Protein chains: 2
Amino acid sequence: MSEKDKTTEEKILEAARRIFVEKGMAGARMQQIADDAGINKSLLHYYYRSKDKLFLAVFRMAIRDFIPGIKGIIFSDISVYEKLDLFIKRYMDVLLSKPFVPMFILQEIQRDPERLFNVFLEAGIRPDYILKEFERSIDKGVIRGIDPKHLIINVLSLCIFPIAARPMMQRMFYANDPAAYQQFLNERKAVVSDFVINAIKP
Amino acid sequence: MSEKDKTTEEKILEAARRIFVEKGMAGARMQQIADDAGINKSLLHYYYRSKDKLFLAVFRMAIRDFIPGIKGIIFSDISVYEKLDLFIKRYMDVLLSKPFVPMFILQEIQRDPERLFNVFLEAGIRPDYILKEFERSIDKGVIRGIDPKHLIINVLSLCIFPIAARPMMQRMFYANDPAAYQQFLNERKAVVSDFVINAIKP
DNA sequence: GTCTATATCGGGATAGAC
DNA sequence: GTCTATCCCGATATAGAC
């Protein structure tokens with residue numbers, strides 16, 4: 001689909017996504033979103049009644065993009081180690097294809113965690129199932145005794161943080177070379193998987 | 001020092017810190033900072049000429065609070081494992097005593113990474129030394145062959161993320177019980193240290 | 001140093017023509 | 001559906017009295 005064939009609504013959503021991620025909800029300007037989308041400011045209000053509604057639309061879109069690939073893995077019928085490996089790789093793939101999501105969600109976590117929690121619930125994201133599975137694996141001695149909550153948060157940390165903190169890490173470790181850091185993030189899929197698996201092997 | 005003995009300037013800085021962390025630079029309101037400090041809005045401008053200057057003051061204070069305990073460890077003369085263990089525990093202690101710092105810095109990373117990088121440089125924060133030390137340890141076979149950059153970023157991720165994402169994690173895993181999550185974070189010092197050390201043992 | 005009052009401006013939102 | 005013009009509130013910032 002060429003740039004011109006995009007509906008106005010699509011152009012708005014994409015522009016809004018860019019600006020909201022860069023500036024956050026409060027820092028974003030409707031004018032800038034309109035400019036970025038190549039349309040008039042009033043049209044934003046025509047399609048979405050308010051800034052808040054536009055933000056929510058972008059937000060839901062981000063969540064939806066983000067989820068489908070993940071849920072399949074969690075409920076699939078493979079070993080814990082395969083599951084962890086697959087999850088980490090798939091999860092990082094999704095994050096790399098939507099690198100704006102981490103900061104977007106972190107900002108929303110501060111702004112209104114309850115609303116975010118409900119969006120997650122709607123999407124069927126709950127830790128219960130995987131928590132139980134880790135517990136069983138620990139009981140069976142398949143993985144080392146670590147509180148499953150810590151394990152989950154470790155995995156999330158290792159995947160999310162390097163993307164959220166990208167501008168600084170890229171500057172510090174790669175003299176601000178985007179291609180080099182991208183390469184680093186690609187390697188990271190295997191590195192994190194190894195790291196976690198080594199850490200929890202009995 | 002009682003609440004009353006604090007100078008106006010101190011009261012402003014503390015209030016500003018709270019509000020800036022909660023709302024971010026753009027979302028924060030001078031009025032709210034003034035209310036929170038129990039003073040008049042104009043006084044903010046009397047002490048700090050503008051919102052941006054106030055933000056910068058809070059920011060530098062945050063960095064300064066944050067650094068001293070850390071640097072000592074990096075250059076101390078102990079084994080890599082002891083150093084990692086000590087660093088993780090001390091670093092998380094600092095983060096726990098200044099829990100606003102992670103989001104504050106993450107926001108600033110998006111807003112102006114170059115300025116932040118320079119503030120870090122001023123404070124003497126550079127990854128070179130520890131990077132080299134990890135390399136030597138890998139060459140000697142003391143730790144498993146992992147790209148030292150990944151190792152550093154893993155440690156940072158594991159320490160920082162759970163605090164930055166606290167409101168959501170607390171809601172998901174502890175039914176929003178702050179004391180329970182605080183307890184979780186305290187445990188975490190030892191858990192992360194174990195996790196990392198297990199992951200890199202040859 | 002601290003307050004009240006006010007200037008000034010930017011930005012979200014709406015009205016209305018086409 | 002898309003544009004121009006405009007409203008109006010809220011927020012930063014300043015002036016000036018005490």
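The figures that follow rest on heavy atoms only: side chains count, while hydrogens, waters and symmetry mates do not. It should be emphasised that the depicted structure is a prediction, and the values quoted were computed from it without experimental measurement.
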Notebook entry, point to check: Atom CG of L43(B) and atom P of dT4(C): how far apart are they, to the nearest Å?
Noted result: 10 Å

Check: Taking atom P of dG12(C) as reference, at what distance in whole Å does atom CD of Q32(A) sit?
Finding: 10 Å

Next item on the list: Before accepting this row, confirm whether a basic side-chain N of the pair K132(B)/D128(B) lies closer than 4.0 Å to the acidic partner's carboxylate O.
Entry: no

Item checked: Between C1' of dC3(C) and CD1 of I12(B), the distance in whole Å -> 14 Å

Note to self: With no hydrogens and no angle check, just 3.5 Å: does a side-chain donor-acceptor pair link S50(B) and D52(B)?
What the structure shows: no

Next item on the list: Can you tell me the distance, in whole Å, between the CG atom of D35(A) and the P atom of dG11(C)?
Entry: 11 Å

Note to self: I need a per-nucleotide contact map over nucleotides 5-18 of chain D, read 5' to 3'. Cutoff is protein heavy atoms under 4.0 Å; write B for the base, S for backbone only, - otherwise.
What the structure shows: B-----SBBBB---

Note to self: In whole Å, I'd like the distance from the CG atom of L44(A) to the C1' atom of dC3(D).
What the structure shows: 13 Å

Notebook entry, point to check: Do you see a donor-acceptor pair shorter than 3.5 Å between the side chains of D36(B) and Q32(B)?
Noted result: no

Margin query: Is T8(B) close enough to dG1(C) that one of its side-chain N or O atoms is under 4.0 Å from OP1 or OP2 there?
Written below: no

Next item on the list: Report yes if at least one side-chain N or O of Y47(B) is closer than 4.0 Å to OP1 or OP2 of dT2(C); otherwise report no.
Entry: yes

Margin query: Output the rounded distance in Å from CG (L54(A)) to P (dG11(C)).
Written below: 16 Å

Item checked: F184(B) and H150(A) aromatic centres sub-6.0 Å -> yes

Next item on the list: Would you please indicate if the ring centroids of Y129(B) and F134(B) are separated by under 6.0 Å?
Entry: no

Checklist line | Gap between atoms NZ and P, on K23(A) and dG12(C) respectively (whole Å) | finding: 12 Å

Margin query: Do R188(B) and Q183(B) pair up side chain to side chain, a donor and an acceptor below 3.5 Å, judged on atom types alone?
Written below: no

